[in-house]
*Asks:* 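I have a structure here, written as structure tokens, and I will follow up with some questions on it.
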Amino acid sequence: MPFIEHSDIVEFAENRVNLKSEYVTAYRDQVGYLTKRLASYIDENPSFDLVKMLHSGSVAKGTALSTVSDMDVAVYVKRGSSHLDEKNLIPWLADQLKLVYSHTEMKPEQFKEQDHSVRVHFKGSDLDVDVAPVLYEGDPNDRGFLVEKYTGERVLTSIPMHLDFIRRRKAKQKNHYTQVVRIVKWWVSQRRAENENFKFKSFMIELLLAKMVDDGLDCSNYLTALETFFTHLVKKQLLTPIIFTDFYSADKLPTRDNNSIKIYDPVNPENNVAKGYSEATRKQILEAATDALEALLFAKRATTKGVATDCWSKILGSGVGG
Ligand SMILES: Nc1ncnc2c1ncn2[C@@H]1O[C@H](COP(=O)(O)OP(=O)(O)OP(=O)(O)O)[C@@H](O)[C@H]1O
Ligand SMILES: [Mg+2]
């Protein structure tokens with residue numbers, strides 16, 4: 001038997017990786033507070049330009065890490081409203097939010113304008129909620145133009161359809177799909193701690209693993225799931241387009257796309273989620289995956305526990321195997 005087994009990864013995930021369930025609940029309640037307040041404001045002011053809020057990030061999906069410090073919320077904004085200033089969207093949004101929460105204990109200084117969102121800070125929990133605008137024209141599936149967090153680019157997509165997409169994979173592999181997502185995200189966080197330029201977006205990881213689950217990956221053994229994931233990266237080099245036909249047929253995908261990584265939004269075939277990932281970033285991810293796979297295979301053959309835990313510390317940091 002190898003010194004590090006599935007049960008060791010389970011224990012590590014529970015102790016280090018996962019956001020504890022009581023925090024998941026408390027954090028969701030925090031977003032719920034914002035959402036409910038907005039809904040009652042809209043009830044009183046039906047012509048208001050904000051339509052609703054949807055919790056869109058990892059805490060909503062069940063893929064948050066213990067280290068999460070911010071949550072993502074999409075706020076739907078009526079496109080075409082005469083009050084809306086699309087060129088100054090973020091300052092405008094900050095003003096609207098201050099108005100909505102002006103009769104609560106929340107203070108205007110808790111609302112900070114960022115490049116592409118408004119950050120709401122909660123002092124009690126020290127949590128930040130990033131409120132990103134979605135320009136919305138009344139689509140029944142809540143499609144709208146999301147302002148991308150880091151690039152500011154506007155992408156047509158649907159948060160509820162994403163949540164539904166993830167929910168379908170969660171249903172296929174209860175608890176295990178999200179757990180493997182969280183462990184891989186933890187691996188990414190370790191790489192980023194070593195090199196702040198390392199990037200591998202969480203949504204890309206969720207989509208890659210969703211594809212693997214659709215293709216038969218069994219996530220219930222975390223050791224073998226990780227080995228399969230890293231092997232897949234090393235073998236396929238992130239050069240195989242990742243496509244899903246949940247919400248559109250494959251013939252809708254673009255025939256030309258110059259990005260080397262192609263991971264298409266399940267909701268919008270025009271939206272490559274890996275857009276902007278350079279060739280250098282792809283190679284950096286593959287190098288890290290190769291190191292992880294080597295360490296994992298070496299750990300399997302290790303003849304002492306010390307060697308095995310050493311190998312795992314290169315993948316997930318210290319603490320695997322006690
Ligand atoms: N490029 C994109 N195109 C379409 N939707 C996106 C894109 N990036 C993010 N999203 C939406 O935002 C949600 C949040 O994804 P993201 O990868 O930013 O962070 P996260 O899941 O909250 O993880 P983390 O723990 O890293 O914060 C996704 O589930 C998706 O609905
Ligand atoms: Mg997030």
Side-chain angles (χ1 to χ4, degrees), residues 13 17-19 23-24 27-28 30-31 53-76 114-117 119-120 127-136 139 141-170 177-193 196 198-210 242-244 246-248 254 257 259 261-277 281 285:
V17 174
N18 299 347
L19 181 64
Y23 282 99
V24 175
Y27 290 4
R28 285 180 181 163
Q30 198 104 81
V31 173
M53 274 179 176
L54 294 175
H55 190 178
S56 60
S58 55
V59 174
K61 292 180 285 188
T63 53
L65 300 183
S66 59
T67 48
V68 71
S69 63
D70 53 21
M71 286 184 288
D72 309 294
V73 164
V75 63
Y76 281 67
Q114 311 228 105
D115 281 348
H116 308 300
S117 62
R119 176 161 283 199
V120 185
L127 262 187
D128 289 320
V129 177
D130 272 342
V131 181
V134 172
L135 297 166
Y136 176 64
D139 180 274
N141 284 319
D142 284 332
R143 281 197 194 82
F145 292 89
L146 181 75
V147 181
E148 236 271 318
K149 193 167 179 175
Y150 298 104
T151 61
E153 234 171 282
R154 291 180 182 184
V155 293
L156 184 65
T157 194
S158 165
I159 301 295
M161 287 167 84
H162 284 162
L163 295 176
D164 181 49
F165 174 91
I166 298 289
R167 216 171 285 130
R168 291 184 196 190
R169 273 70 195 181
K170 283 168 80 163
Y177 163 72
T178 44
Q179 184 62 81
V180 175
V181 166
R182 289 190 298 262
I183 297 170
V184 172
K185 283 172 66 171
W186 187 265
W187 166 72
V188 170
S189 74
Q190 299 299 304
R191 304 293 71 78
R192 202 175 291 135
E196 59 178 9
F198 188 85
K199 63 173 188 172
F200 199 174
K201 194 180 165 64
S202 300
F203 194 36
M204 285 168 58
I205 290 164
E206 288 173 357
L207 293 176
L208 280 167
L209 280 166
I242 303 297
I243 63 173
F244 298 95
D246 294 53
F247 302 120
Y248 55 77
D257 181 343
N259 295 286
I261 310 180
K262 298 175 180 66
I263 301 176
Y264 294 103
D265 184 339
V267 173
N268 173 9
E270 305 283 324
N271 178 28
N272 180 357
V273 176
K275 176 179 52 206
Y277 273 60
T281 306
I285 295 172

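Read the numbers this way: they start at 1 and go in the same order the structure lists the ligands and their atoms. Only heavy atoms go into these numbers, but all of them, side chains included; no hydrogens, no water, no symmetry mates.
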*Asks:* Mind checking whether Ile159 contacts ligand 1 via backbone (N, CA, C, O), side chain (CB onward), both or neither, at a 4.0 Å heavy-atom cut-off?
*Replies:*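 The answer is the side chain.
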*Asks:* Within 45 degrees of the ring normal and closer than 6.0 Å to the centroid, is that where the cationic atom of Arg169 sits relative to Phe165?
*Replies:*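 Because its charged atom sits under 6.0 Å from the ring centre and within 45° of the axis, Arg169 does stack over Phe165.
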*Asks:* Considering only the protein, which heavy-atom contact is closest to atom 25 (O) of ligand 1, and what is its distance?
*Replies:* Lys185 NZ, 2.8 Å
*Asks:* Provide the number and element of each atom of ligand 1 under 4.0 Å from a heavy atom of Ser56.
*Replies:*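 Here the atoms of ligand 1 in question are 13 (C), 14 (C), 29 (O).
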*Asks:* Please list, chain by chain and in numerical order, all residues satisfying side-chain hydrogen bond (donor to acceptor under 3.5 Å, both in side chains) with Lys201, sequence neighbours excluded.
*Replies:* Glu148
*Asks:* Judged on heavy-atom distance to atom 24 (P) of ligand 1, which of Ser202, Pro266, Pro160 sits nearest?
*Replies:*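 Looking at heavy atoms only, the winner is Ser202.
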*Asks:* Have a look around the Mg ion (ligand 2) and list protein N/O/S atoms under 2.8 Å, or say none.
*Replies:* Asp72 OD2
*Asks:* Any protein heavy-atom neighbour for atom 12 (O) of ligand 1 (distance below 4.0 angstrom)?
*Replies:*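 Within 4.0 Å: no protein heavy atom nearby.
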*Asks:* Which residue from Ile205, Asn271, Thr157 reaches closest to atom 3 (N) of ligand 1 through any of its heavy atoms?
*Replies:*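 It is Asn271 that holds the nearest heavy atom.
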*Asks:* As a check for students: among Lys201, Lys149, His55, Lys275, identify the option with a heavy atom nearest to atom 9 (C) of ligand 1.
*Replies:*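 Considering heavy atoms of Lys201, Lys149, His55, Lys275, the nearest to atom 9 (C) of ligand 1 sits in Lys201.
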*Asks:* Is ligand 1 under 4.0 Å from a heavy atom in the side chain of Lys61, in the backbone, in both, or in neither?
*Replies:*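 Looking at Lys61 and ligand 1, just side chain atoms fall under 4.0 Å.
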*Asks:* Tell me which one of His162, Arg182, Glu206, Glu148 gets a heavy atom nearest to atom 7 (C) of ligand 1.
*Replies:* Glu148
